[in-house]
Asks: 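Have a look at this one.
Each chain gets a letter, A, B and so on, in the order its sequence line appears, and its residues count up from 1. Both backbone and side-chain heavy atoms feed into the values below; hydrogens, waters and symmetry mates do not. None of these values were measured; they are calculated from a predicted model.
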Amino acid sequence: MAARGLLGAVLKVGDCAGLVVETEAYLGVSDRAAHAFGGRRTKTNEALYGPAGTVYVYQMRQYCLLNVVTQPATIPQCVLIRAVEPIAGVAAMAMRRGRSGPAMTSGPGKLCQAFGITLADNNRAVNQGRVQLIWPGRTPALIRATPRIGVPNKGTATTAALRFFVAGNANVSDMKKRAIDPNGGWQ
DNA sequence: GGATGGATCAGCT
DNA sequence: GCTGATCCATCCT
């Protein structure tokens, strides 16, 4: 699954970069939690119907969320990037976030603020705009799966284990202190 | 450590 | 009007 394949990839925006450590899969028309559920297509989610590698930025309240389309055009599936481990441009990210440490990029809204990702980056091809994904990055020692976050009361969409993260990485959202691996969860 | 409520806003109904 | 793929401060145990 594409959501697992993104773990360990390098996300690069301008001079800032980080390793993807947490993702969620959104399975298109059959997924009640997806914006394209039932084939819904509006100006806002138009990017979902682009080719694989299209950036889909969704704004929620005062934050933006970063997605990457994973299937050919007209098949609206995507992966939400929920958290990264900062590896470059840390000072710039800390300034934009007003915070440092794990709280800087350990959530979908947080990492977009840290990298300066906005709706201006929506509906553009990865590696042809400011947002880039680069392989190889690092290899997770262990990938864990749980239900997605913020998807209540939607039957199987709520219970399905479609959230994936690098086990033990300190930048994963809601990571318990006891569960942190000193090696960052990498091989 | 866990639960709660407010901030805040574009887009859809 | 209403509704979120959120975040943070501030309670409480």
Asks: If pairs are Watson-Crick or G-U with both distances under 3.5 Å, what is the dot-bracket string of DNA chain C, marking crossing pairs with [ ] and pairs to another strand with |?
Replies: ||||.|||||||.
Asks: Please check if atom CG in A/D174 has more than 12 non-hydrogen atoms from other residues, nucleotides or ligands closer than 6.0 Å.
Replies: no
Asks: Starting at OG1 of A/T146, measure out to CG of A/L162 and round the result to the nearest 0.5 Å.
Replies: 9.5 Å
Asks: Is it the case that A/Q113 and A/R96 place a side-chain donor and acceptor less than 3.5 Å from each other?
Replies: no
Asks: Please report the C-alpha distance between A/Q59 and A/T118 in whole Å, then the side-chain angles of each, then the deciding distance to 0.1 Å, and finally whether the side-chain contact (heavy atoms from CB on, under 4.5 Å) criterion is met.
Replies: CA-CA 8 Å; A/Q59 183 173 6; A/T118 68; over 6 Å; no
Asks: Can you list, in residue-number order, the parts of residues 105-114 of chain A that come under 4.0 Å of DNA chain C, counting heavy atoms only?
Replies: A/G107, A/P108, A/G109, A/K110
Asks: Are A/N171 and A/T105 side-chain neighbours, meaning at least one heavy-atom pair lies under 4.5 Å?
Replies: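 A/N171 vs A/T105: side chains touch.
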Asks: By the salt bridge (Lys or Arg N to Asp or Glu O under 4.0 Å) test, which pairs, at least two apart or in different chains, include something from residues 140-169 of chain A?
Replies: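 For residues 140-169 of chain A: A/E22-A/R163, A/D31-A/R148.
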Asks: 5'-most contact on DNA chain C: A/R99 or A/A36, nearest heavy atom basis?
Replies: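 In this pair, the answer is A/A36.
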Asks: Got a sec? Which of residues 149-164 of chain A come in under 4.0 Å of DNA chain C, heavy atoms?
Replies: A/G150, A/K154
Asks: Name every donor-acceptor pair, under 3.5 Å, that has one atom in a side chain of residues 4-18 of chain A and the other anywhere in the protein, sequence neighbours excluded.
Replies:
| residue | atom | partner | partner atom | Å |
| --- | --- | --- | --- | --- |
| A/K12 | NZ | A/G14 | O | 3.2 |

Asks: Could I get the full list of side chain to side chain contact (heavy atoms under 4.5 Å, CB included) partners for A/Q77, not counting sequence neighbours?
Replies: A/L27, A/T70, A/Q71, A/I75
Asks: Taking C-beta and beyond as the side chain, do A/R82 and A/S173 meet within less than 4.5 Å on heavy atoms?
Replies: yes
Asks: If you take any heavy atom closer than 4.0 Å to DNA chain B, which residues from residues 66-81 of chain A end up in contact?
Replies: none
Asks: Name the residue from A/V131, A/L66, A/V21 that meets the side-chain contact (heavy atoms from CB on, under 4.5 Å) definition with A/I81.
Replies: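 Of the listed options, the one satisfying the test is A/L66.
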Asks: Got a sec, which residues hit side chain to side chain contact (heavy atoms under 4.5 Å, CB included) with A/Y49, two or more places apart in sequence or on another chain?
Replies: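 A/Y49 satisfies side chain to side chain contact (heavy atoms under 4.5 Å, CB included) with A/A36, A/R41, A/N45, A/P76 once adjacent residues are dropped.
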Asks: Under 4.0 Å from any heavy atom of chain A: name the first and the last nucleotide of DNA chain C that qualifies, 5' to 3'.
Replies: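 Contacts span C/dG4 to C/dA9, reading 5' to 3'.
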Asks: Give the B/S/- string for nucleotides 4-13 of chain B, one per nucleotide from 5' to 3', where a protein heavy atom under 4.0 Å of the base yields B, of only the sugar-phosphate yields S, and otherwise -.
Replies: ---BBBSSS-
Asks: For a quick test of reading the model, state the closest non-hydrogen atom pair linking A/A170 to A/I180 and the distance between them.
Replies: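 Result for this residue pair: CB-CD1, 3.8 Å.
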Asks: Taking only residues two or more places apart in sequence, or in another chain, which ones meet A/Y58 in a ring pair (Phe, Tyr, Trp, His ring centres under 6.0 Å)?
Replies: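 Listed in chain order: A/H35.
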Asks: Going by distance alone, is a donor N or O of one side chain under 3.5 Å from an acceptor N or O of the other, for A/E85 and A/N169?
Replies: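 A pair is found: one side chain offers a donor N or O, the other an acceptor, under 3.5 Å apart.
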Asks: Excluding sequence neighbours, so at least two apart, what forms side chain to side chain contact (heavy atoms under 4.5 Å, CB included) with A/N122?
Replies: A/A47, A/Y56, A/V57
Asks: Using a 4.5 Å cut-off on heavy atoms from C-beta on, say whether the side chain of A/V172 contacts that of A/S106.
Replies: no
Asks: For a quick test of reading the model, state the closest non-hydrogen atom pair linking A/P108 to A/L65 and the distance between them.
Replies: CB-CG, 4.0 Å
